[in-house]
Amino acid sequence: MSNTPLNHLQDFNITAFQNDLIGWFSREQRDLPWRKDKDAYKVWVSEIMLQQTRVDTVIPYFERFMEKFPTIDDLALADEESVLKAWEGLGYYSRVRNLHSAVKEVRELYGGMVPDSPAEISRLKGVGPYTAGAILSIAYSKAEPAVDGNVMRVLSRILSIWEDIAKPSVRKVFEEAVRALISHENPSHFNQALMELGALICTPTSPSCLLCPVREHCHAFEEGTTGELPVKTRKKSTRHVDLIAGVLKNDEGKILIHKRPQNGLLANLWEFPNVEKNTIISPRTTLKGYLSDEYKADTKIETGSFTSIDHVFSHLTWNIEVFAGTLQGDVEETDTVKLVTPDELTEYAFPVSHQKMWRAYQALQLEMPS
DNA sequence: CACACGTGGAC
DNA sequence: TGTCCAAGTGT
């Protein structure tokens, strides 16, 4: 009987747990910008931004985003360019393209009202099981589970659940636990309290158990296993890709930029022309050939690369050798190829890797004027 | 299911 | 320096 994952729900004082948890949250919750009211749109935006992203990182983005797109209509009617620009540097850019698309759908299908049923809200792009539960509970006070990494860590300790939380199927175990534990009187605070506890007290390493408001309910604390829970298998290492990039200026001082494909890594963001390194041909020759093929550009490339950028993604790393050069003839501008002045560059959304390139290039210009 | 998908901070 | 992240979702 003791080897089923949720067996500790049997002897669990649910009401006392809810009171201790929610009471603590009411006293200790952080003052965060998305907690000023429970407007479903604001809750939605904040939840998307917070996916795999730290609170401290999100705060300034959330403030700027709400200033720029205060309502669902404002976001729905905005250009994707400006939406991506508002997300620049936050990462996981498909989040905001999905949000933009879903907001348009809410405007057209539901008259701008975020739906309040699990079935309808889950149909929106970018709204998975966690986000659906978070919006439904926080904005609409529905008793739905919102199981994220915090909740799995906290509950794995409290209920001594030894399932591997890296396995997708295991989330359902924790949803079942939350359905058993959630306060129907205040599901919003219950869900948020579980996450807040994970963020402030029940942290991945060295949790502050002596400050924990639900210590008395915690099996891992009692058994001294907080250091072993949750069980989480680690993922495989990342692969390496070597790139060659060029910052090319024409005789008017304009820079050649290129829009990335609409799918895959950094989709629809802008970049400086780049190509994967060839094992045989020299970087400079490879780049010149690529620019000639791709943009019909006749270029003069400086002899040595002026900087080398190492950029680490979640699943791969780039090493980019960056060359400076000049465009000799004309380049045809299209939807995905543009020549822009340095000032105009700030209107386009670039990945951080390419922002690093541009800063290095500007530093170079300062060293060697004209 | 396993993997793609960003970034900056902590230890 | 390397490893693991931090309020996950789409395919």
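When heavy atoms are screened at a 4.0 angstrom cut-off, A:Thr205 is found touching no nucleic acid atom at all. Within the 4.0 angstrom heavy-atom criterion, only backbone atoms of the sugar-phosphate kind lie near A:Gly264; the bases stay farther away. Within the nucleic acid shown, A:Val312 comes within 4.0 Å of at least one base atom, counting heavy atoms only. Contact annotation for A:Ser353: no contact, since no heavy-atom pair falls under 4.0 Å across all strands. If you check every strand for non-hydrogen atoms under 4.0 Å, A:Lys125 touches sugar and phosphate atoms only. Nucleic acid contact class of A:Arg153 (heavy atoms, under 4.0 Å, all strands): sugar-phosphate only.
Residue A:His100 contributes atom NE2, which lies 19 Å from atom C1' of C:dT9 at whole-angstrom precision. One interatomic measurement links the two molecules: CG of A:Asp310 to P of B:dG8, which rounds to 14 Å at whole-angstrom precision. In this structure, CZ of A:Arg95 is placed 14 Å from C1' of C:dG10, rounded to the nearest angstrom. In this entry the distance linking CG of A:Leu197 with C1' of C:dA6 reads 16 Å, nearest Å. The nearest whole Å value for the distance from the CZ atom in A:Phe350 to the P atom in B:dG6 is 16 Å. With rounding to whole Å, A:Leu90 atom CG is found 18 Å from B:dC5 atom P. What separates CG of A:Leu316 from P of B:dC5 is a distance of 7 Å, to the nearest Å. A:His240 has its NE2 atom 8 Å from the P atom of C:dG2, to the nearest Å.
In terms of the side-chain hydrogen bond (donor to acceptor under 3.5 Å, both in side chains) criterion, A:Asn278 has no residue partners (sequence neighbours excluded). For the ring-ring contact (aromatic ring centres under 6.0 Å, His included) test, residues two or more places apart in sequence or in another chain that qualify with A:Phe25 are A:His189. Listed by chain and residue number, A:Lys259, A:Thr334 satisfy the side-chain contact (heavy atoms from CB on, under 4.5 Å) test with A:Thr336 (two or more places apart in sequence, or in another chain).
Taking the P atoms as reference points, C:dC4 lies 15 Å from B:dC3, given to the whole Å. Here, C:dA6 and B:dC5 have their P atoms 23 Å apart, quoted to the whole Å. When the P atom is compared between C:dT3 and B:dG6, the two are found 22 Å apart, to the nearest whole Å.
Nearest to the side-chain atoms of A:Leu265 among the listed nucleotides B:dG8, B:dA2, B:dC5 stands B:dC5. In the set B:dG8, B:dG6, C:dA6, the nucleotide with an atom closest to the side chain of A:Phe313 is B:dG6. Listed nucleotides: B:dC5, C:dT9, B:dT7. Nearest to the side chain of A:His315: B:dC5. When the nucleotides B:dA2, C:dG8, B:dT7 are ranked by their closest atom to the side chain of A:Leu266, B:dT7 comes out on top. With distances taken from any side-chain atom of A:Tyr130 to the nucleotides B:dC1, B:dT7, C:dG8, the minimum falls on C:dG8. Side-chain proximity of A:Arg54 to B:dG9, C:dT9, B:dG6: nearest is B:dG9. Comparing C:dT9, B:dG6, B:dA2 by their closest approach to the side chain of A:Pro168 singles out B:dA2. Listed nucleotides: B:dT7, C:dG8, C:dT9. Nearest to the side chain of A:Val352: B:dT7.
Between A:Tyr93 and A:Lys167, the residue anchored closer to the 5' end of DNA chain B is A:Lys167, taking for each the nucleotide with the nearest heavy atom.
Cluster annotation: A:Met357 is not connected to A:Leu256 through the hydrophobic network of ILVMFWY side chains, with a link wherever side-chain heavy atoms come within less than 4.5 Å. Cluster membership for A:Val312 and A:Val352, using ILVMFWY side-chain heavy atoms within less than 4.5 angstrom, is not shared. Following chains of ILVMFWY side-chain contacts shorter than 4.5 Å, one can reach A:Phe17 starting from A:Ile161, so the two form part of one hydrophobic cluster.
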Counting only pairs under 3.5 Å, give me each side-chain donor-acceptor contact of residues 106-118 of chain A, with atom names and distances, residues two or more places apart or in other chains.
{"residue": "A:Arg107", "atom": "NE", "partner": "A:Asp73", "partner atom": "OD1", "Å": "3.0"}
{"residue": "A:Ser117", "atom": "OG", "partner": "A:Glu120", "partner atom": "N", "Å": "3.2"}
{"residue": "A:Ser117", "atom": "OG", "partner": "A:Glu120", "partner atom": "OE1", "Å": "3.0"}

Got a list of side-chain donor-acceptor pairs under 3.5 Å for residues 293-306 of chain A, not counting sequence neighbours?
{"residue": "A:Lys296", "atom": "NZ", "partner": "A:Asp293", "partner atom": "O", "Å": "3.2"}
{"residue": "A:Ser305", "atom": "OG", "partner": "A:Glu321", "partner atom": "OE1", "Å": "3.4"}

Show me the donor-acceptor pairs, under 3.5 Å and distance only, between side chains in residues 54-69 of chain A and residues at least two apart or in other chains.
{"residue": "A:Tyr61", "atom": "OH", "partner": "A:Glu88", "partner atom": "O", "Å": "2.8"}
{"residue": "A:Lys68", "atom": "NZ", "partner": "A:Ser82", "partner atom": "O", "Å": "3.3"}

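Of the residues in residues 56-72 of chain A, none has a non-hydrogen atom less than 4.0 angstrom from any atom of DNA chain B. Near-neighbour residues of DNA chain B inside residues 17-53 of chain A, defined by a heavy atom below 4.0 Å, number-ordered: A:Gln52, A:Thr53. Less than 4.0 Å separates DNA chain C from no heavy atom of any residue of residues 113-124 of chain A. Using a 4.0 Å cutoff on non-hydrogen atoms, no part of residues 224-233 of chain A comes near DNA chain B.
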Side chain to side chain donor-acceptor pair (under 3.5 Å) between A:Asn319 and A:Ser308, intermediate numbers included | CA-CA 7 Å; A:Asn319 174 268; A:Ser308 170; 3.2 Å; yes

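Listed by first and then second residue, the salt bridge (Lys or Arg N to Asp or Glu O under 4.0 Å) pairs that reach into residues 178-194 of chain A are A:Glu144-A:Arg179, sequence neighbours excluded. Contacts classified as side-chain hydrogen bond (donor to acceptor under 3.5 Å, both in side chains) and involving residues 191-200 of chain A (residues at least two apart or in different chains) are given here: A:Arg30-A:Glu196, A:Arg35-A:Gln192, A:Arg35-A:Glu196, A:Ser137-A:Asn191, A:Ser188-A:Gln192.
A donor-acceptor pair shorter than 3.5 Å cannot be found between the side chains of A:Gln51 and A:Tyr130.
Side-chain atoms of A:Thr131 stay outside donor-acceptor range of the base of C:dG8, with no qualifying N/O pair under 3.5 Å. Side-chain atoms of A:Tyr92 and base atoms of B:dG6 include a donor and an acceptor less than 3.5 Å apart.
Between A:Trp358 and A:Phe272, the ring-plane angle classifies as parallel under the 30° and 60° cut-offs. By the 30° and 60° cut-offs, the orientation of the rings of A:Tyr348 relative to A:Phe350 is perpendicular.
The NZ atom of A:Lys125 lies 11.0 Å from the NE2 atom of A:His100; values are rounded to the nearest 0.5 Å. Here the CD atom belonging to A:Gln355 is positioned 10.5 Å from the CG atom belonging to A:Leu345, to the nearest 0.5 angstrom.
Taking only side-chain nitrogens and oxygens, A:Ser314 never comes nearer than 4.0 Å to OP1 or OP2 of C:dC5.
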